[in-house]
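Have a look at the structure below before the remarks.
Side chains are part of it too, since the values below use all heavy atoms of this structure and drop only hydrogens, waters and symmetry mates. A quick note: this is a predicted structure, and the numbers were derived from the prediction, not measured. Along the sequence shown, residues carry numbers from 1.
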Amino acid sequence: MLPRPRRPHDQLLSPSTIVAAIGGFVIGHILWLIGISIATSAYRVNFWVLILAALIAVASAVIGWLAWRLYQRKRLVQAAFLACLPISPVVFTLIVLGVTYL
């Protein structure tokens, strides 16, 4: 069903919002791949994985806050992009930390 005017929950499902969300997810994953490649190519992998995890945690909190602010201002496309940007890095960082330290 296509989005209908005057129904805010339908506006979240517009094609541009969905494309922005997918784009944010893909770009977040690419950035995570670059970061983890750099971290695992270092001499002390455990140390750099922890540094990367801390950076991802801080960046995810800031990006989540910015996405919330954009959502409140009804800028849904930008909010969807930013909200999906840290999903892949956070999930995969938790997996890497689990494999590295458990």
Side-chain angles (χ1 to χ4, degrees):
M1 178 181 291
L2 294 174
R4 294 170 286 189
R6 297 182 301 279
R7 296 201 50 190
H9 59 280
D10 283 347
Q11 300 305 316
L12 289 174
L13 298 176
S14 70
S16 58
T17 306
I18 293 170
V19 169
I22 293 170
F25 186 81
V26 169
I27 290 174
H29 187 68
I30 291 170
L31 291 174
W32 180 82
L33 285 173
I34 292 169
I36 201 69
S37 296
I38 293 170
T40 56
S41 68
Y43 175 69
R44 296 186 56 199
V45 175
N46 293 347
F47 174 75
W48 288 110
V49 166
L50 280 179
I51 296 296
L52 181 66
L55 288 173
I56 288 173
V58 171
S60 296
V62 170
I63 289 171
W65 179 77
L66 288 173
W68 179 250
R69 299 283 297 172
L70 287 170
Y71 176 75
Q72 288 176 332
R73 293 180 188 154
K74 306 293 184 211
R75 300 177 83 188
L76 300 179
V77 174
Q78 293 92 347
F81 177 81
L82 286 179
C84 290
L85 191 65
I87 292 174
S88 178
V90 168
V91 169
F92 284 108
T93 298
L94 290 175
I95 292 169
V96 167
L97 287 174
V99 168
T100 303
Y101 292 105
L102 292 181

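At a threshold of 4.5 Å between side-chain heavy atoms, the hydrophobic network of Ile, Leu, Val, Met, Phe, Trp and Tyr places I36 and V90 in one connected group. A continuous path of hydrophobic side-chain contacts links I95 to V49 [ILVMFWY only; heavy atoms under 4.5 Å]. By the criterion of side-chain heavy atoms lying less than 4.5 angstrom apart, applied directly or through intervening Ile, Leu, Val, Met, Phe, Trp or Tyr residues, L66 is not grouped with I56; the two fall into different hydrophobic clusters. Linking ILVMFWY residues whenever their side-chain heavy atoms come closer than 4.5 Å, directly or via other members, leaves V62 and W68 in distinct clusters. No single ILVMFWY cluster, assembled from side-chain heavy atoms under 4.5 Å apart, contains both L33 and L55.
In this structure the side chain of Y101 reaches within 4.5 angstrom of the side chain of N46, judged on heavy atoms. Side-chain atoms of L85 and F25, non-hydrogen and from C-beta on, never get closer than 4.5 Å to each other. In this structure, L97 and L50 have side chains that are in contact, with non-hydrogen atoms separated by less than 4.5 Å. Looking only at side-chain heavy atoms (C-beta outward), I27 and F81 come within less than 4.5 Å of each other.
Shown here are the side chain to side chain donor-acceptor pair (under 3.5 Å) partners of S60, two or more places apart in sequence or in another chain: there are none. Scored by the side-chain contact (heavy atoms from CB on, under 4.5 Å) test, A67 finds L82, A83 as partners (sequence neighbours excluded).
Separating the CZ atom in R75 from the OG1 atom in T17 is a distance of 13.0 Å, to the nearest 0.5 Å.
Of all the heavy atoms in P89 and H29, the pair that sits closest is CD-N, 4.5 Å.
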